There are 2 protein chains.
Amino acid sequence: MAVRKLGRTPYKQQIADDLREQIADGSLSPGDQLPTEAELEKRYGVARGTVRQGIEILINEGLVVSARPKGHFVRERKPMVFRPQAEFRPRPYTPEMDAFMTESSADGREARQTIEVSIVEAPAEVAKRLQLDAGQLVAVRRRVRFLDGEPFNINDSYFPLDLVQDSEIMRPQNITQGANEVLADLGYRQVRALDELYVRMPTPEEVKRLDLSPGTPVGYHVCTGFTEEGKAVRVAVTVLPGDRHVVSYERRRETDPAS
Amino acid sequence: MAVRKLGRTPYKQQIADDLREQIADGSLSPGDQLPTEAELEKRYGVARGTVRQGIEILINEGLVVSARPKGHFVRERKPMVFRPQAEFRPRPYTPEMDAFMTESSADGREARQTIEVSIVEAPAEVAKRLQLDAGQLVAVRRRVRFLDGEPFNINDSYFPLDLVQDSEIMRPQNITQGANEVLADLGYRQVRALDELYVRMPTPEEVKRLDLSPGTPVGYHVCTGFTEEGKAVRVAVTVLPGDRHVVSYERRRETDPAS
DNA sequence: AAGTGGTCTAGACCACAAT
DNA sequence: TTGTGGTCTAGACCACTTT
């Protein structure tokens with residue numbers, strides 16, 4: 001049981017490896033409490049700081065969470081599916097609900113979202129994709145979505161201000177038929193979208209808004225929608241906590257001659 | 001300059017926040033060295049351990065890397081685009097190259113990959129998607145791809161053994177026209193693919209194979225290819241380091257009546 | 001009151017690469 | 001040889017929740 005003295009692997013590594021192994025082989029199941037730090041101190045014969053460094057490794061791998069002051073626990077995961085394609089699908093009419101709400105409540109979960117609408121200077125990232133000059137104004141709908149009371153993802157949608165001024169998009173409420181449909185009614189039907197997905201660690205702000213535990217990376221999904229004429233009319237930025245999402249989509253073979 | 005005594009934010013947090021701020025506002029640019037630990041110790045008036053904890057936070061956010069024993073540095077990023085759609089596109093004929101190699105060298109970078117082929121019992125994850133029973137045998141092509149000498153991603157492709165036995169897929173060499181084409185020649189042309197993308201921290205094994213630095217999450221991309229008849233004939237698992245990739249794809253509006 | 005983890009200190013020794 | 005960060009120890013005090 002003593003884990004000291006080995007090749008030249010640091011103790012903290014050995015401790016992390018040992019516990020990770022126990023998680024992998026089921027000796028420790030999701031939801032189980034790890035031995036207390038005091039206990040591990042004795043088991044491995046090292047100082048408390050070293051035990052903590054070992055646990056720290058597992059926390060940063062997303063395998064363990066700390067529930068103070070109860071102890072450390074093996075993390076449980078229950079990702080939900082995220083389908084970018086859903087945005088383009090026709091949807092049933094359900095007043096006071098938009099795509100997210102509709103999809104989610106279909107799963108029998110309690111869906112809710114907060115909405116803020118404001119007018120801001122386009123962030124560089126957005127301006128570039130909307131083919132605007134830096135500093136031009138855009139309308140933004142910021143939403144935080146909750147599922148069963150837990151924050152689930154962030155979705156900020158940007159629109160060129162002149163397109164949506166005075167439209168339903170500017171009102172901080174759910175849009176029954178979806179913002180895309182409103183945009184279409186205004187003469188800007190989107191027929192094509194470019195999706196980009198980045199994988200990175202969250203910013204401190206994202207950690208707060210989404211209540212992320214350490215070791216949780218996020219997907220950063222940027223979707224730019226274009227009209228038939230090739231005009232970019234919408235940029236949607238979605239932040240997807242890795243522990244709550246699977247991005248899923250389907251593809252069909254492109255028409256390609258031969259080969 | 002002294003950062004002590006504040007509301008009740010831990011010193012290590014204040015230190016991390018201070019340095020993060022400097023990175024954000026450009027006082028510290030990508031590639032710059034951070035002040036040494038000894039220097040920060042003096043600047044903030046705390047013990048070295050506390051300084052290290054502050055830096056640790058930034059490392060786990062992926063903002064800082066340690067280049068021992070030179071010092072800590074602001075991380076540089078240069079993601080490359082990853083396009084799942086590329087697999088389905090017709091490609092120019094270039095002997096000894098497959099999709100990855102072709103795409104990459106088009107960018108003027110030196111591409112290389114290692115290939116191992118073996119026959120294994122299907123891992124549960126793969127068996128499920130190939131609609132096989134647990135423990136059935138599959139052929140797997142494991143590749144590690146390098147760009148300019150750096151490991152770039154891992155791609156493991158699984159095929160039901162009976163489909164590909166004795167085909168070119170079993171040989172540990174580049175497949176000129178692509179494995180999908182070989183499969184098509186064998187009578188299993190894929191017309192549809194289901195993509196799933198998970199975002200998580202890497203396993204220690206992935207860290208080693210891809211030489212990831214701490215604070216680097218990965219995208220875990222599982223692509224299942226189906227024939228016209230709906231038979232799953234291929235599962236490709238790709239591990240994409242977040243600091244080297246952007247996943248990108250395009251969508252067109254699905255044909256939907258009205259709404 | 002007891003027990004958990006969270007933070008911090010002070011000091012020690014080590015490995016590694018540049019000088 | 002020097003200076004960097006990496007590891008480890010021993011001990012202290014704190015905050016929070018449960019008992």
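Keep in mind it's a predicted model, so treat the numbers as computed, not measured.
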If the threshold is 4.0 Å, N to carboxylate O, is there a salt bridge linking Arg20(B) and Glu61(B)?
yes
Is the phosphate of dT4(D), meaning OP1 or OP2, less than 4.0 Å from a side-chain N or O of Lys70(B)?
no
Looking at Arg52(A), does any N or O in its side chain come under 4.0 Å of the phosphate oxygens OP1/OP2 on dG6(C)?
yes
Which one, dC8(C), dG6(D), dT9(D), comes nearest to the side chain of Ala47(A)?
dT9(D)
Under-4.0 Å side-chain N/O to phosphate OP1/OP2 contact, Thr36(A) with dG3(C):
no
Write down the distance between OH (Tyr11(A)) and P (dC8(D)), rounded to a whole number of angstrom.
7 Å
Within the structure, does a side-chain N or O atom of Thr50(B) lie under 4.0 Å from either OP1 or OP2 of dT7(C)?
no
Are the charged groups of Glu205(B) and Arg209(B) less than 4.0 angstrom apart, N to O?
yes
Under 4.0 Å: is that the gap between some side-chain N or O of Ser66(A) and OP1 or OP2 of dG6(C)?
yes
If you check the Arg68(B) side chain, which of dG5(D), dT7(C), dC8(D) turns out closest?
dG5(D)
Mark yes or no for whether Arg75(A), through its side chain, and Ile59(A), through its backbone, hold a donor-acceptor pair below 3.5 Å.
no
Does Asp156(A) come within less than 4.0 Å of Arg142(A), counting only side-chain N to carboxylate O?
yes
Could you tell me how far apart Leu40(A) (CG) and dT9(D) (P) are, to the nearest whole angstrom?
13 Å
